[in-house]
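So you know, we letter chains A, B, ... as the sequences are listed, proteins then strands, and number each from 1.
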Amino acid sequence: MEEVRVRFPPSPTGYLHIGGARTALFNWLFAKKHNGKLILRIEDTDEERSTQASIDGIIDGLQWLGIDWDEGPYFQTEFAADHIAAANRLLASGHAYKCFCTKETLEQKREAALADKREFGYDGTCRHLTAKDVLQQEQQGIPSVIRFKVPVRPGVLSYDDQVLGCIERAYTDIEDFVIVRSNGKPLYLLCNVVDDIRDRITHVLRGQDHMSNTTRQVLLYEALQAKLPVFAHMPLTMDLQKRKISKRSHGEVVAVQFYREKGFIPWALCNFLCLLGWNPGTEQEFFTREELIEAFSLNRISRVNSVFNFKPGDPKFFTDPKLIAINEHYLRTMDLGELGDLVRTELEQANLWDPAYEDSKRNWYLATLNLIRDRFHTLKDFTAAGRAYFSDEYDIDPKPLAKNVTKYPELAIWLPQLAERFAALAEFNTEETERVSRELADELAVKPGVLINGMRTVLTGQLAGPSMFEIVTTLGRDKVVTRLRRIEHLLASA
RNA sequence: GUCCCCAUCGUCUAGUCUGGUCCAGGACACCGGCCUUUCACGCCGGCAACACCGGUUCAAAUCCGGUUGGGGACGCCA
């Protein structure tokens, strides 16, 4: 059987956004599923808008997501000779012609047609120029573009889309499109096809926004006498207002980089993205890489555009809540060693990393992550809400401070008393610490919760957290005693 | 304006091809309850959808037609 070869061809005119990442992911899954190859091809023929920073950002984003490719990155501009040769072949075979209409003229015609609410495609002015006319114009030094000559045929052009089924379009609805600029540089429509033919691409999996390109490109394949790849157009990703998401109108929330900065687990993003416009046909929602590759298939891609559900300005839903939920799931269930590596990066960035976490304190490190990860949303929480586990310098959240500490001024005496009992304990474990805590509460005739919640606030700075006596034993006697003793300073400064 | 695509809970979606097992299932979100030393964990429960009209049929979310709605494309961008 023929080898499956797919490609991801981003244009380097901005960062990698989630729509592009999803396209890359689907291609990657398809390649893996069929033991095929994924080719990364940077389509940089738009010299004015392509930037090195974009190229770096895209590659960086793909690598972070774990989407690897088998060939490339190729750069489209390196194959300019192929594109020009193809254009000349089309010219020679009568599939294309030179057009001397100026941009200005065409623009005027377009505007006039638009104003009259008429069809505004190219009117074919230069299509029937004789060889003599062409020569004459060229001798006068009039610049020209090359246009593809859409065949005059009755009926419709059709291709079989793996997602949408049979797609048809009347030949008469397709205008003669430009394939080479007047400066001699070939355009996307042509370059893309020439490259796909050269790279022996068997399946073109891209967004539905390319559908009108596809009909024209089918014509190009035919004229170049190349075998048609299989096409599959996937639904687009929209915002809540059903607008196609874009960097320009949505900003960083649609950038892959944003999720990296916000502490998302790369595979969680992949898992979320693949569920946007695809489903396995079962109720499974979480997948390992192997499971997802196994489950993936083109015919389960949805035909309907999906909404990336985020509300700008809402801090709780700064991105799609389902993405947050999936991230939380992985945070809670993933292999502790792997989580340890991810959190290490966070701690290092926050200057909280202790090399001993890799050896002598390894067990403590992993046990602590396991204890606190249950209530966290992103990797950033380990250095924010979880800071007190890794540093003695942490802030007390004002909310629990008011609710659990300043509301009971006597805690300034009680907690140091508790500290002394902890210090005197023969065994510092969950049972013993709980026992003496309840004992003291009893003697003081207060509810244990007063002591316990006050303790949580002082020890961790947080309103919520794991079971108190798990926290106490995790932090260790020294830190607990020290922190409980200094409550007076805390209250004085509060 | 022209062409193309699409239409199930707030969101992601199952079910549509092969009509009956669907007074429509799951997940997220939301609401309520439970657990509890807290809670952002966990458990249990609830709310919530077949765009509309017509046709075919014993039977339609499912097939057909129309309407409406949404999206995409219409560049010497990719």
Between [atom2] on [N] and [atom1] on [X], what's the gap in Å once rounded to a whole number?
X: Glu111(A); N: G75(B); atom1: CD; atom2: P; answer: 12 Å
X: Asp173(A); N: U2(B); atom1: CG; atom2: P; answer: 11 Å
X: Asn327(A); N: C28(B); atom1: CG; atom2: C1'; answer: 14 Å
X: Gln284(A); N: G25(B); atom1: CD; atom2: C1'; answer: 17 Å
X: Glu104(A); N: C76(B); atom1: CD; atom2: P; answer: 12 Å
X: Ile326(A); N: G26(B); atom1: CD1; atom2: C1'; answer: 13 Å
X: Tyr122(A); N: C76(B); atom1: OH; atom2: C1'; answer: 12 Å
X: Leu40(A); N: A78(B); atom1: CG; atom2: C1'; answer: 15 Å

Measuring only the [atom1] atom in each nucleotide, how far is [N] from [M]? A whole number of Å is fine.
N: G25(B); M: G65(B); atom1: C1'; answer: 30 Å
N: C23(B); M: C34(B); atom1: C1'; answer: 31 Å
N: G75(B); M: U13(B); atom1: P; answer: 31 Å
N: A7(B); M: C52(B); atom1: P; answer: 15 Å
N: G26(B); M: C35(B); atom1: P; answer: 26 Å
N: A49(B); M: G42(B); atom1: C1'; answer: 29 Å
N: C22(B); M: C17(B); atom1: P; answer: 16 Å
N: A48(B); M: C9(B); atom1: C1'; answer: 5 Å

| request: For Phe8(A), check ring-ring contact (aromatic ring centres under 6.0 Å, His included) against everything at least two apart and list the hits. | output: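 Counting only residues at least two positions away or on another chain, Phe8(A) forms no ring-ring contact (aromatic ring centres under 6.0 Å, His included).
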| field | Those residues that, when tested against Phe376(A), pass ring-ring contact (aromatic ring centres under 6.0 Å, His included) (two or more places apart) | value |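 By the ring-ring contact (aromatic ring centres under 6.0 Å, His included) rule, Phe376(A) matches Phe382(A).
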Can you tell me the Watson-Crick or wobble partner of [N], both distances under 3.5 angstrom?
N: C35(B); value: none
N: C74(B); value: G1(B)
N: A27(B); value: U11(B)
N: A59(B); value: none

Indicate yes or no for a side-chain donor-acceptor contact from [X] to the backbone of [Y] under 3.5 Å, with no hydrogens or angles considered.
X: Asp161(A); Y: Val163(A); answer: yes
X: Asp44(A); Y: Gln76(A); answer: yes
X: Asn192(A); Y: Tyr188(A); answer: no

| said: Each nucleotide in nucleotides 36-45 of chain B should get exactly one letter: B, S or -. Can you fill that in based on protein heavy atoms under 4.0 Å? | reply: -BBBBS----
| Contact pattern, 5' to 3', of nucleotides 8-17 of chain B - B, S or - by protein heavy atom under 4.0 Å | ---SBSSS--
| message | Please list, in numerical order, the residues of residues 147-161 of chain A that have a heavy atom closer than 4.0 Å to any atom of RNA chain B. | response |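 Listed by number, there are none.
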| Of the residues in residues 206-216 of chain A, which ones touch RNA chain B at a heavy-atom distance under 4.0 Å? |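 By residue number: Gln208(A), Asp209(A), His210(A), Met211(A), Ser212(A), Asn213(A).
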| query | Which pairs with one or both residues in residues 207-221 of chain A pass salt bridge (charged side-chain N to carboxylate O under 4.0 Å, His left out), sequence neighbours excluded? | reply |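 Every pair satisfying salt bridge (charged side-chain N to carboxylate O under 4.0 Å, His left out) with a residue in residues 207-221 of chain A: Asp209(A)-Lys244(A).
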| request: Scan residues 294-305 of chain A for pairs that pass salt bridge (charged side-chain N to carboxylate O under 4.0 Å, His left out), counting only residues two or more places apart or in two chains. | output: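 Residue pairs with at least one partner in residues 294-305 of chain A: there are none.
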| query | Do Arg435(A) and Glu439(A) pass the salt bridge (charged side-chain N to carboxylate O under 4.0 Å, His left out) test, and can you show the C-alpha distance, the side-chain angles, and the key distance before you say yes or no? | reply | CA-CA 6 Å; Arg435(A) 185 179 62 76; Glu439(A) 224 169 62; 2.9 Å; yes
At 4.0 Å (heavy atoms only), tell me whether [X] reaches a base, stays on the sugar-phosphate, or touches nothing.
X: Cys101(A); result: base
X: Arg49(A); result: base
X: Lys244(A); result: sugar-phosphate
X: Ile167(A); result: sugar-phosphate
X: Met455(A); result: nothing

| Is the distance between the ring centroids of Phe428(A) and Phe422(A) under 6.0 Å? |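 Centroid distance Phe428(A)-Phe422(A): below 6.0 Å, so yes.
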| Using the benzene-type ring in the case of Trp, are the ring centres of Phe296(A) and Phe26(A) under 6.0 Å apart? |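 Yes.
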| request: Looking only at side-chain atoms of Arg169(A), point me to the closest of G75(B), C3(B), A78(B). | output: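 Nearest to the side-chain atoms of Arg169(A), counting from C-beta on, is C3(B).
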Side chain to side chain donor-acceptor pair (under 3.5 Å) involving [X] - partner list, sequence neighbours excluded:
X: Asn327(A); result: none
X: Asp442(A); result: none
X: Ser249(A); result: Ser246(A)
X: Asp176(A); result: Tyr97(A), Arg127(A)

| When you check the gap from the basic side-chain N to the acidic O, do Glu432(A) and Arg421(A) get nearer than 4.0 Å? |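 The answer is no: the pair does not qualify as a salt bridge.
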| query | RNA chain B: Tyr188(A) or Glu175(A), which has the more 5' nearest nucleotide? | reply |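 Comparing both residues, the 5'-ward one is Glu175(A).
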| said: Could you check whether atom CD of Glu48(A) has more than 12 heavy atoms from other residues, nucleotides or ligands sitting under 6.0 Å from it? | reply: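 No, CD of Glu48(A) has 12 or fewer neighbouring heavy atoms, counting only those of other groups under 6.0 Å.
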